[in-house]
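Read through the structure below, which is laid out as structure tokens, and then see the notes.
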Amino acid sequence: MLRSDKSGFSFAKLTKMRTPLLAMLLIAAICAGSLLFGTVNTFTVSDGKRTHEVQTLSNNVESAIVMAGFNSSKYKVLSVNATNGATHINLAYKFPVYITMGKKTVKTYTTKATVADILKEAGYKVDKYDMVEPSLDTVINDVAYIDYTNIDYVNGSYLEDIPYSVKTVYSDTMEQGTKTLTAGVNGKQEVKYTAKMVNGVKVETIVNSTTMLSAPVEGTQTVGTKATVVTTSANVGTISTLTPAAPIELDANGNPVKFKSKMNVQATAYTYTGNNCSTGVAPQPGYIAVNPRVIPYGTKMYIKTADGSFIYGYAVAADTGGFINSRPTNVDLFMASRAACTAFGRRNVEIYILE
């Protein structure tokens, strides 16, 4: 026969409960007991100068350090040991160290350590080329300043031109003083170098080798040596018998090199009439009749056809033509004979007004 307690709860009813419900009740009972009767953890925290003991339900080391009155950001945990029912935390005070590289200074915190370890912890990769003051094996145990110079050697290459040279040759078929230039072609070469970098700035470049990739092609400058023959009115056969004060220099086309202005007009010819020119001078080849309103008396000129087939030469305006009303810009050239006038007829000429 089954027994029950005073509340009427029977073991028969207990056996009828489902297993999952029992498990939930059991877990709830355990949790309630833990809350009422939790384990107290003991911590002793020491930085070598002072020691504090704290008790807490938490087993978190960082929390224990803060509860003990230490600023966790200023200390480094050296060791955590559990003995005699307590957890012993040993701390080391972190002090500032200033690292200067070039113009930049950074601040870091550390505990007693060598310069090498401090630089490594701060993210600097020191190699054999770098310069550090104080030396890497110096032990730092208080506020300190470290000068760090990062030195790297970087290999590289680039292409550059090899300038071409120009040789000078002389030609007796070219006029003296004239020049022609045939350009050359630059060559190419590869230059391999090592650059010294100090704190990221290039301070020195050492060329290790150069390799020619293409040779330069030489250019040529040709200089003329042919003597220039200066042509003047004295070297040219002309109709005019007048002589200028100085020979008139002519270019390669037989035109005066120096002149004030140029006129293209129509010309006729006339010969002796037994009268002097309007200006009183006796007529002769070289004195010509003009419209003095167009070409003033006494004007000095050089007259020729454009193609150079007829060269009247040096002339002076000394007479007035009967054409000035019908053809005011025409000129009349004095010839030595009627036959010469007939041969000339009427032509277009170039008149160069001389200076």
Side-chain angles (χ1 to χ4, degrees), residues 72-79 91-171 174 176-225:
S72 61
S73 65
K74 293 186 178 181
Y75 288 88
K76 177 181 179 181
V77 177
L78 297 181
S79 64
L91 303 177
Y93 174 71
K94 293 193 293 185
F95 48 85
V97 173
Y98 299 88
I99 303 172
T100 298
M101 186 177 78
K103 297 181 179 180
K104 182 179 179 181
T105 299
V106 298
K107 181 179 180 181
T108 187
Y109 287 90
T110 186
T111 59
K112 180 179 179 181
T114 63
V115 170
D117 290 336
I118 294 172
L119 289 173
K120 182 178 180 181
E121 185 177 348
Y124 296 94
K125 296 180 180 180
V126 183
D127 60 32
K128 63 181 180 180
Y129 300 113
D130 296 340
M131 298 173 60
V132 182
E133 180 63 34
S135 61
L136 292 172
D137 57 358
T138 302
V139 177
I140 304 297
N141 54 18
D142 204 347
V143 178
Y145 294 84
I146 298 174
D147 287 325
Y148 170 57
T149 303
N150 176 249
I151 300 175
D152 291 315
Y153 291 90
V154 179
N155 294 322
S157 65
Y158 59 87
L159 297 179
E160 70 176 6
D161 288 337
I162 305 174
Y164 66 84
S165 59
V166 178
K167 68 177 180 180
T168 301
V169 297
Y170 299 91
S171 171
M174 290 173 53
Q176 186 174 14
T178 59
K179 297 179 181 180
T180 60
L181 177 65
T182 301
V185 179
N186 289 335
K188 289 286 184 183
Q189 66 181 5
E190 180 184 34
V191 180
K192 293 184 178 180
Y193 67 89
T194 298
K196 181 180 180 181
M197 311 290 291
V198 176
N199 295 331
V201 178
K202 184 189 293 185
V203 298
E204 183 181 6
T205 299
I206 300 172
V207 174
N208 300 322
S209 66
T210 57
T211 303
M212 181 184 293
L213 303 179
S214 62
V217 178
E218 188 176 51
T220 303
Q221 176 181 252
T222 304
V223 178
T225 60

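This chain uses plain numbering: 1 for the first residue, then up along the sequence.
- Annotation: the span from T182 atom OG1 to K167 atom NZ amounts to 10.0 Å, rounded to 0.5 Å.
- Partners of Y129 according to the side-chain contact (heavy atoms from CB on, under 4.5 Å) rule, which considers only residues two or more places apart in sequence or in another chain, are D127, I151, Y153.
- M174 pairs by the side-chain contact (heavy atoms from CB on, under 4.5 Å) definition with S171, T178, T180, T222, not counting sequence neighbours.
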Would T114 and L136 satisfy side-chain contact (heavy atoms from CB on, under 4.5 Å), going step by step from the backbone distance to the final call?
-> CA-CA 7 Å; T114 63; L136 292 172; over 6 Å; no

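- Take Y124 and apply the side-chain hydrogen bond (donor to acceptor under 3.5 Å, both in side chains) test, not counting sequence neighbours, and it matches no residue.
- Evaluation of the side chain to side chain donor-acceptor pair (under 3.5 Å) test over residues 189-203, restricted to residues two or more places apart or in two chains, returns N155-T194, E160-Q189, T194-N208.
- Test T149, D147, V126 against M131 for side chain to side chain contact (heavy atoms under 4.5 Å, CB included) and you get one pass: T149.
- With sequence neighbours excluded, the residues satisfying side-chain hydrogen bond (donor to acceptor under 3.5 Å, both in side chains) with T138 are S135.
- For D161, the side-chain contact (heavy atoms from CB on, under 4.5 Å) criterion is met by N186, K188, not counting sequence neighbours.
- Counting heavy atoms from C-beta outward, I140 and V115 have side chains that approach closer than 4.5 Å.
- The stretch residues 99-122 participates, sequence neighbours left out, in no ring pair (Phe, Tyr, Trp, His ring centres under 6.0 Å) pair at all.
- In this view, T168 and Y170, Q221, V223 satisfy the side-chain contact (heavy atoms from CB on, under 4.5 Å) rule, not counting sequence neighbours.
- Rounded to the nearest 0.5 angstrom, T205 OG1 and M197 CE are separated by 9.0 Å.
- The side-chain hydrogen bond (donor to acceptor under 3.5 Å, both in side chains) check on T211 picks up nothing, with sequence neighbours excluded.
- Among residues at least two apart or in separate chains, side chain to side chain donor-acceptor pair (under 3.5 Å) pairs with a member in residues 93-104 are T100-T105.
- What you find for P163 and P216 is that their closest heavy atoms are O-CB, 4.1 Å.
- The distance from atom OG1 of T108 to atom CG of L119, rounded to the nearest 0.5 Å, is 9.5 Å.
- Here salt bridge (Lys or Arg N to Asp or Glu O under 4.0 Å) pairs that include residues 115-125, with residues two or more places apart or in two chains, number zero.
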Hey, mind stepping through V77 and L91 against side-chain contact (heavy atoms from CB on, under 4.5 Å) and telling me if it holds?
-> CA-CA 5 Å; V77 177; L91 303 177; 3.8 Å; yes

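- With rounding to the nearest 0.5 Å, the separation of OG1 in T111 from CD1 in I118 is 8.0 Å.
- By the 4.5 Å heavy-atom criterion applied to side chains, N150 and D130 are counted as neighbours.
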